[in-house]
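Structure first, commentary second.
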Amino acid sequence: MTTHAPAGLFISFEGVDGAGKTTQVERLRDYFAGMGRNVVVTREPGGTELGVQLRTMLLHGGDIAPRTEALLFAADRAQHVAEIIVPALERGDIVITDRYLDSSLAYQAGEGN
Ligand SMILES: Nc1ncnc2c1ncn2[C@@H]1O[C@H](COP(=O)(O)OP(=O)(O)OP(=O)(O)O)[C@@H](O)[C@H]1O
Ligand SMILES: Cc1cn([C@H]2C[C@H](O)[C@@H](COP(=O)(O)O)O2)c(=O)[nH]c1=O
C-alpha cells in the first residue's frame with residue numbers, strides 16, 4: 001500500500017489592528033494540531049530573525065518615506081517566504097500566517113507609493 005504525505009497548506013489571516021487575527025490563528029493552529037498535522041505559525045512583519053529587525057524599524061523607527069516603507073515590508077516578506085514558508089510547505093506542513101500580502105495592498109497601496 002502506498003501512503004502519501006499530506007499536502008502543504010498556506011493560510012493567511014488579515015484584518016485591521018485588533019480585529020482578532022492572532023486569536024483565530026491560535027484557534028486554527030490548535031484545530032490542525034489536534035488532527036495530527038504539523039503547523040507552522042508565523043507572522044508579518046517579523047517572521048524571521050531579519051524580519052524582527054525590519055519590524056522594529058517599521059513599527060518603532062523614525063520617519064520612513066512611503067516607498068521605503070513598502071519596500072521594507074516587501075523585503076520582510078521575501079525573507080519570510082524563502083526562509084519559513086516555502087520550506088514548511090515543501091515538508092507538507094500547514095503554514096498559518098498573521099498577515100501577508102493583503103496587508104501591503106491595504107496599507108501601502110495608497111498615494112505616494
Ligand atoms: N471573537 C472575539 N470577540 C471578542 N473579543 C475578541 C475576539 N477575538 C479576539 N478578541 C479580543 O480582541 C483583542 C485583540 O485580539 P487579537 O490580538 O487576536 O487581534 P489582532 O487582530 O491579532 O490584533 P493586532 O492587529 O493588534 O495584532 C484581544 O484582547 C482578544 O482577546
Ligand atoms: C504585513 C504588513 C503589515 N502592516 C502593518 C499593519 C499593522 O499596523 C502592523 C503590524 O502589526 P501587527 O501587530 O503584527 O498586526 O504593520 C503594513 O502596513 N503592511 C504590511 O504589508
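In what follows, every heavy atom counts, from backbone to side chain, and hydrogens, waters and symmetry copies are set aside. We count ligands from 1, going down the list as the structure has it; atoms in each ligand are counted the same way. No experiment lies behind these values; they were computed from the predicted model shown.
- Each of Thr23, Leu28, Asp102 was checked for a side-chain contact (heavy atoms from CB on, under 4.5 Å) with Phe13, and the lone residue meeting it is Leu28.
- The closest side-chain heavy-atom distance from His80 to Thr97 is below 4.5 Å.
- Around atom 8 (O) of ligand 2, the closest heavy atom drawn from Thr97, Asp17, Asp102 belongs to Asp17.
- At a 4.0 Å cut-off, not a single heavy atom of Gly15 sits close enough to ligand 1 to count as contact.
- Inside a 4.0 Å radius of atom 31 (O) of ligand 1 there is not any protein heavy atom.
- We find the CG-CG distance between Leu54 and Leu71 to be 11.5 Å, quoted to the nearest 0.5 Å.
- To the nearest 0.5 Å, the span separating CZ on Phe10 from CD1 on Ile96 amounts to 10.5 Å.
- Within the 4.5 Å cutoff, the side chain of Leu101 has heavy atoms near those of the Arg77 side chain.
- By the criterion of a heavy-atom distance under 4.0 Å, neither the backbone nor the side chain of Leu101 is placed next to ligand 2.
- Scanning the protein heavy atoms around atom 19 (O) of ligand 1, the nearest turns out to be Gly20 N, 3.0 Å.
- Close N/O approach between Ser104 and ligand 2 is found [any backbone or side-chain N/O within under 3.5 Å].
- By the rule that hydrophobic residues join a cluster once side-chain heavy atoms approach within less than 4.5 Å of another member, Phe32 and Val41 end up as members of one cluster.
- Protein heavy atoms are absent from the space less than 4.0 angstrom from atom 5 (N) of ligand 1.
- Among protein heavy atoms, atom 1 (N) of ligand 1 sits closest to Gln24 NE2, 4.8 Å.
- Distance from atom 19 (N) of ligand 2 to its nearest protein heavy atom, with residue and atom name: Gln108 OE1, 2.7 Å.
- Within the 4.5 Å cutoff, the side chain of Tyr100 has no heavy atoms near those of the Thr42 side chain.
- Nearest to atom 13 (O) of ligand 2 among the protein's heavy atoms is Arg55 NH2, 3.4 Å.
- Remark: ligand 2 and Tyr100 share no N or O pair separated by less than 3.5 Å (distance only, no angle test).
- For atom 9 (C) of ligand 1, the nearest protein heavy atom (residue, atom name, distance) is Thr23 OG1, 3.2 Å.
- Cluster membership for Leu50 and Phe73, using ILVMFWY side-chain heavy atoms within less than 4.5 angstrom, is shared.
- With hydrogens and angles ignored, the 3.5 Å screen pairs a side-chain donor or acceptor of Asp76 with a backbone N or O of Gly46.
- From the protein, the heavy atom lying nearest to atom 9 (C) of ligand 2 is Leu59 CD2, 3.9 Å.
- From the protein, the heavy atom lying nearest to atom 15 (O) of ligand 2 is Arg99 NE, 2.7 Å.
- Protein heavy atom nearest atom 17 (C) of ligand 2, with residue, atom name and distance: Phe73 CZ, 3.3 Å.
- Hydrophobic clustering, with ILVMFWY side chains joined whenever heavy atoms are under 4.5 angstrom apart, keeps Val40 apart from Met35.
- For atom 27 (O) of ligand 1, the nearest non-hydrogen atom of the protein is Thr22 OG1, 4.0 Å.
- Residue, atom and distance of the protein heavy atom nearest to atom 12 (O) of ligand 1 are Gly18 O, 4.3 Å.
- Among all non-hydrogen protein atoms, the one lying nearest atom 25 (O) of ligand 1 is Lys21 NZ, 2.8 Å.
- Between Asp17 and Arg99 there is a salt bridge, with a side-chain nitrogen of the basic residue lying less than 4.0 Å from a carboxylate oxygen of the acidic one.
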